[in-house]
2 protein chains.
Amino acid sequence: MAGVEPSKTRQVYLVLRDRIAGGRLDDQGTLPPEQALAAEYGVSRVTVRRALAELEQEGLIARRRGAGTFVLGAGGAKPIVADFSDVLANLVAMGRETAVRLLAFDYREPSAAIASTLKLNAGEKTQFSVRVRLIDGQPFSHLTTHVPQRIGVTYTEADLAARPLLSLLERSGVQIERATQEVTAVLATPDVAAALDVEVGSALLGTTRTVFAADGSGVEHLSALYRPDRYALHMEMVRTEAAGVRRWATVLAPAAGDRITKKAS
Amino acid sequence: MAGVEPSKTRQVYLVLRDRIAGGRLDDQGTLPPEQALAAEYGVSRVTVRRALAELEQEGLIARRRGAGTFVLGAGGAKPIVADFSDVLANLVAMGRETAVRLLAFDYREPSAAIASTLKLNAGEKTQFSVRVRLIDGQPFSHLTTHVPQRIGVTYTEADLAARPLLSLLERSGVQIERATQEVTAVLATPDVAAALDVEVGSALLGTTRTVFAADGSGVEHLSALYRPDRYALHMEMVRTEAAGVRRWATVLAPAAGDRITKKAS
DNA sequence: TTTAAATGTACAGTATATGATACAACTTGA
DNA sequence: TCAAGTTGTATCATATACTGTACATTTAAA
């Protein structure tokens, strides 16, 4: 099975990048010399240099001829740190410009898994859409949604390109009550990689959300993929104790601009 | 920067394996034909075949000449679906056997990033540990922790191998109050890949948690990496409206075995 | 039975990755 | 100033990866 393993250059690159990210450096911000790295990883110096060149281009390290290779502090642009309680509201409140690219909009027969999650009737179609959301012109999320057709007909292609789906659903009169969400990690497939401007095989943060109405019927099935360098989920938690059992409880994120003030309704 | 990207065979292999693991298949257990995959990924059919050969050798797919390529082990073992509010308590309550492998235990100078996150005094060392947690004998999480040395000395290597760190911290008298947590996706580096028994370059769910005491001092910095095929974060949310602003609020997961009964204290 | 479509096999040419080596240019400290 | 150590550049040889092509074998449906 030749060719399935990562190339040596890539392995060295990954290891070094990880060491830098984790701050696991021998002494103060200095990487070992190329010869030492080559010996440590059992590869040629040329290979080490290729990995270092990539790290340098990404702005993670600086190399000075004759002196050495140095890790640059405070790496690069930090991701948007979004509380899951209301991502979009936060972004807007932060004054960041967001835009949406609508890649698909049609009605189709959903897969069995989605049909059962949304509790659809047999043969019921869904409104299907794929959107890419940009912040300051840069793509950061890839959203695939399924909405039961009877609800999906209440909005148009133009609506979806202009407003968040959730607000369109509430406009249609649906009583949104609860949702379940799962978070995992997946690799970028070619189509998603192209839409998000990352390489195939990059790690993406994936969330799957199912939204239910007050009557228990499924309203929306959302599969979202995020670039981890531009988007991270954030949670604030407090330690609670009830009936002798200690656990964590999440704290509702303060509205943007506010500060931890907790006024009831 | 040649050579830093994964080889094409590997990209195809990773993406396909990820698709299979995530059950993201077009129709029922059948993979698209090799020609279609080659076109989709922009590689030659030979390359697709190399990736498929590896997947076949790993027992993930079966190929039948003239018929097609089929995904085996329908659905496979589903991941543990853990509510972040108390992962371990849930696992134990579910009657699953968990074990810990202690890979590192020492005291060291933390990186500047960790020192500032924990608000350490200049030169203050941390108790450093790396653990791998297993469920039913299978590794599913890789935990790297930093604890200020003054707190870290209250537990031993044996303690850490036997009990959750959080309970050791609370045993030491620390008043744990709150924590912040971020969730992202990362690629498996060689060391983590070996510990979790995955391949280099696999997608992992990563969480970084910082725990604070009542006096505001940092108590623990945790970097956790999870296998997404064995572990997924789950959240239940309800739609709330306050002062005309609609948003999501998380629901505390019911204790295992319970059902949504919400008894105060 | 026929036909289309799928996987299996083979081979040769090209592109890329890796290694080995040598030397130049620069920095640091003795 | 000198010497040791470090990164930068260049070149050639070899190994591996990738592609394109052609054809064989098997399956499944018309």
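This structure is a prediction, so every number in the text was calculated from the model and none was measured. Letters A, B, ... mirror the listed sequences (proteins, then strands); counts begin at 1. What you see below is based on every heavy atom in this structure, not just the backbone, and it leaves out hydrogens, waters and symmetry mates.
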Value in whole Å for how far the C1' atom of dT21(D) lies from CD of Gln35(B): 11 Å
Which of dT19(D), dA17(C), dA6(C) is nearest the side chain of Pro33(B)? It is dA6(C)
How long is the line joining CD of Glu5(A) and C1' of dC18(D), in whole Å? 16 Å
Which residue lies toward the 5' end of DNA chain C, Gly66(B) or Gly42(A), if each is placed at its nearest nucleotide? Gly66(B)
By nearest nucleotide on DNA chain C, pick out whichever of Glu56(B) and Pro6(A) is the more 5' one. Glu56(B)
When Asn121(A), Val219(A), Leu118(A), Val153(A) are each screened for side chain to side chain contact (heavy atoms under 4.5 Å, CB included) with Pro148(A), the one that passes is Leu118(A)
Using 30° and 60° as the class boundaries, would you call the ring planes of His221(A) and His146(A) parallel, tilted or perpendicular? perpendicular
Can you classify the ring geometry of Phe105(A) versus Tyr155(A) as parallel (below 30°), tilted (30 to 60°) or perpendicular (above 60°)? perpendicular
Figure out the CD/P separation between Glu54(A) and dA17(C), and round it to whole Å. 12 Å
Sugar-phosphate, base or nothing in reach of Arg64(A), heavy atoms under 4.0 Å: sugar-phosphate
Check each of Leu60(A), Ile61(A), Val12(A) against Arg17(A) using the side chain to side chain contact (heavy atoms under 4.5 Å, CB included) test, and report the only one that passes. Leu60(A)
Strictly distance-based, threshold 3.5 Å: is any side-chain N or O of Thr126(A) a donor or acceptor partner for the main-chain N or O of Arg108(A)? yes
Within the structure, does a side-chain N or O atom of Arg49(B) lie under 4.0 Å from either OP1 or OP2 of dT7(C)? no
Return the value, rounded to whole Å, for the distance between atom CG of Leu31(A) and atom C1' of dT7(D). 13 Å
On DNA chain D, does the nearest nucleotide to Thr69(A) precede the nearest nucleotide to Ala67(B) from the 5' side, or the other way round? Give the residue. Thr69(A)
Of the listed nucleotides dG19(C), dC18(D), dG8(C), the one nearest the side chain of Thr47(A): dG19(C)
In whole angstrom, what separates Lys8(B)'s NZ from dA17(D)'s P? 14 Å
Side chain of Arg45(A) only, please: which of dT18(C), dG8(C), dT9(D) is the nearest? dT9(D)
d(CZ, Arg50(A); C1', dA10(D)) in whole Å: 13 Å
Identify which nucleotide among dC18(D), dA20(C), dT7(D) has an atom closest to any side-chain atom of Thr9(B), counting heavy atoms from C-beta outward. dC18(D)
Distance in angstrom units between Ile61(A) CD1 and dG8(D) P, rounded: 9 Å
To the nearest angstrom, how far is Arg10(A) atom CZ from dT16(C) atom P? 18 Å
Determine whether any donor atom in the side chain of Arg65(A) lies under 3.5 Å from an acceptor atom in the base of dG5(D), or the reverse, and answer yes or no. no
